[in-house]
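Each ligand, and each atom within it, is numbered from 1 in the order the structure gives.
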Amino acid sequence: MADLVGKSIVVTGGASGIGLATVAQLLRLKARVAVGDLGPSPSAGLTELVAQTTDQDLFFYKQVDVSNRPSVDEFMRAVLQRFGMVDGLINNAGICPNEGEMATDEVFDAIMAVNLKGVWNVGTEAIRIMAKQESRGVIVNTASDAALKGIKGLAAYTASKHGVLGLTRVWCKEWTPKGIRVNAVAPGVTDTPMVAKIASGHTSGEETTKQWLQNIPMGRFGQPAEIGSVICFLLSKESSFMSGQVLRIGGGEGE
Ligand code: NAI
């Protein structure tokens, strides 16, 4: 099991879905967890989770908009003030609005701002901090299946996630020689509020869902915890010889 006891881990987009499930695992592993998300206070899911945690000091929450550099700087300063260091970053915040037949420029820009620039903003800030620490650190970027292939109807989202893989690979070349590991996960369809929203936004949510399922050899969607466990593995020493990699977690190789 991943040994993350006492490690200071930052999770963006930790209020919901994959981020929330990863926070739950990190708290179980006794890591110190700093969550940043859009809400002014922790979501109901986070509040419930923290209430069940024996050591409440392990948890820190602050509002952040990852697409906004000053907001990210303020968030990371607050994390440092609280935990003194950043051992790990899970660059997970993301959006996937309905792009329709062709995304408008506004939708394209909004997706890029969060999914790609957001990863850049938090990642570069974390690298700056980690590079000054003797123990350095580990970054896990949440990419997507969409980083590995073209997904019809999701051009902007797909491009943004290809960009996340690009950053993962370049940061590995630039920073792994200095002791910072950088990897990515590429989840397939995972049962989160994001996916529920996408399915309901299609003319027939049920039809879309059926089509997605047909493409997954395991015949089911992923559970957020099944992504979280791989993220914890990539954060831990168990993956100490891995960097610049992307792990696909999608119930088997579909179309
Ligand atoms: P979700 O919608 O349940 O959670 C995303 C979280 O990110 C939310 O709490 C949201 O408030 C936060 N967020 C959005 N914009 C933000 C911003 N500007 N600043 C800070 N926080 C922000 O979605 P889910 O499914 O858990 O997604 C997590 C990550 O996994 C995303 O990067 C997504 O693209 C990726 N992913 C999800 C898949 C899925 O099937 N659910 C598949 C592949 C990748």
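The closest heavy-atom contact to atom 4 (O) of ligand 1, among the options S67, A146, S16, A21, comes from S16. For the residues L38, I227, T192, the heavy atom positioned nearest atom 41 (N) of ligand 1 is part of T192. In this structure, of V189, V64, V11, D37, the residue bringing a heavy atom nearest to atom 8 (C) of ligand 1 is D37. The option with the heavy atom closest to atom 27 (O) of ligand 1, from among K117, Q63, M194, is M194.
Looking at R169 and S243, their side chains never bring a donor and an acceptor atom within 3.5 Å of each other. Between the side chains of S239 and R181, a donor-acceptor pair is found at a separation under 3.5 Å. A side-chain N or O of N141 and one of T168 form a donor-acceptor pair less than 3.5 Å apart.
In terms of protein heavy atoms, atom 5 (C) of ligand 1 is closest to G94 O, 3.9 Å. Atom 42 (C) of ligand 1 has G188 O, 3.3 Å as its closest protein atom, hydrogens excluded (heavy atom only). Given atom 7 (O) of ligand 1, the protein heavy atom at minimum distance is G13 CA, 3.4 Å.
Every atom of ligand 1 is numbered from 1 in the order shown, and the set under 4.0 Å from a heavy atom of S144 is 43 (C), 44 (C). Under a 4.0 Å criterion applied to the non-hydrogen atoms of P187, ligand 1 contributes the atoms 42 (C), 43 (C), 44 (C). Of all atoms in ligand 1, listed by their number and element, those nearer than 4.0 Å to a heavy atom of V195 are 39 (C), 40 (O), 41 (N). When each atom of ligand 1 is checked for a heavy atom of T142 under 4.0 Å away, the hits are 29 (C), 30 (O), 35 (C). Below 4.0 Å from some heavy atom of G17 lie the following atoms of ligand 1, by number and element: 3 (O), 26 (O).
A salt bridge links R128 to E125: at least one charged side-chain nitrogen sits closer than 4.0 Å to a carboxylate oxygen. Ionic pairing of D55 and K30 is not present here: no N-O contact between side-chain nitrogen and carboxylate oxygen is shorter than 4.0 angstrom. For D145 and K149, the salt-bridge test passes: some basic side-chain N is under 4.0 Å from an acidic carboxylate O.
On a distance-only criterion, V66 and ligand 1 share at least one N/O pair closer than 3.5 Å. Taking distance alone, with nitrogen or oxygen atoms compared against 3.5 Å, Y157 approaches ligand 1 more closely than that limit. Distances between N or O atoms of N92 and those of ligand 1 include at least one value under 3.5 Å. Residue I18 has at least one nitrogen or oxygen atom sitting less than 3.5 Å from a nitrogen or oxygen atom of ligand 1, judged on distance alone. Checking only distances, T190 does come within under 3.5 Å of ligand 1, N or O to N or O.
Nearest heavy atom pair, residue T22 against residue G228, reads OG1-CA, 3.4 Å. Taking every heavy atom of both residues into account, D37 and G14 meet most closely at OD2-N, 3.4 Å.
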For this session: Decide side chain to side chain contact (heavy atoms under 4.5 Å, CB included) for V66 and N121; before the verdict, give the C-alpha distance in whole Å, the side-chain angles of both, and the deciding distance to 0.1 Å.
Result: CA-CA 7 Å; V66 296; N121 284 342; 5.7 Å; no
Problem set entry | Test log, rule side chain to side chain contact (heavy atoms under 4.5 Å, CB included), inputs L116 and L167 | CA-CA 9 Å; L116 185 53; L167 286 179; 3.9 Å; yes
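At least one heavy atom of P193 sits closer than 4.0 Å to an atom of ligand 1. Under the 4.0 angstrom criterion for non-hydrogen atoms, P224 is not in contact with ligand 1. Residue contact check for ligand 1: T12 places no non-hydrogen atom closer than 4.0 Å to it. Assignment of A143 to the shell around ligand 1 is supported, since a heavy atom sits closer than 4.0 Å.
If you look at I95 next to ligand 1, the close heavy atoms, those under 4.0 Å, all belong to the side chain. Counting heavy atoms under 4.0 Å from ligand 1, residue D65 touches it through both backbone and side chain. In K161, the part holding a heavy atom less than 4.0 Å from any atom of ligand 1 is the side chain.
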May I have the list of side-chain donor-acceptor pairs in residues 78-90 shorter than 3.5 Å, sequence neighbours left out?
unit_1 : atom_1 : unit_2 : atom_2 : d
R82    : NH2    : D57    : O      : 3.1
R82    : NH2    : F59    : O      : 3.3
D87    : OD2    : S8     : N      : 2.8

Would you tabulate the side-chain donor-acceptor contacts of residues 186-194 under 3.5 Å, counting partners in other chains and residues two or more places apart, or write 'none'?
unit_1 : atom_1 : unit_2 : atom_2 : d
T190   : OG1    : G188   : O      : 2.8
T192   : OG1    : M194   : N      : 3.2

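Put simply, the side chain of F75 does not reach to within 4.5 Å of the side chain of D65, judged on heavy atoms.
Residue-environment remark: CD (E48) stays at or below the threshold of 12 foreign heavy atoms within 6.0 Å.
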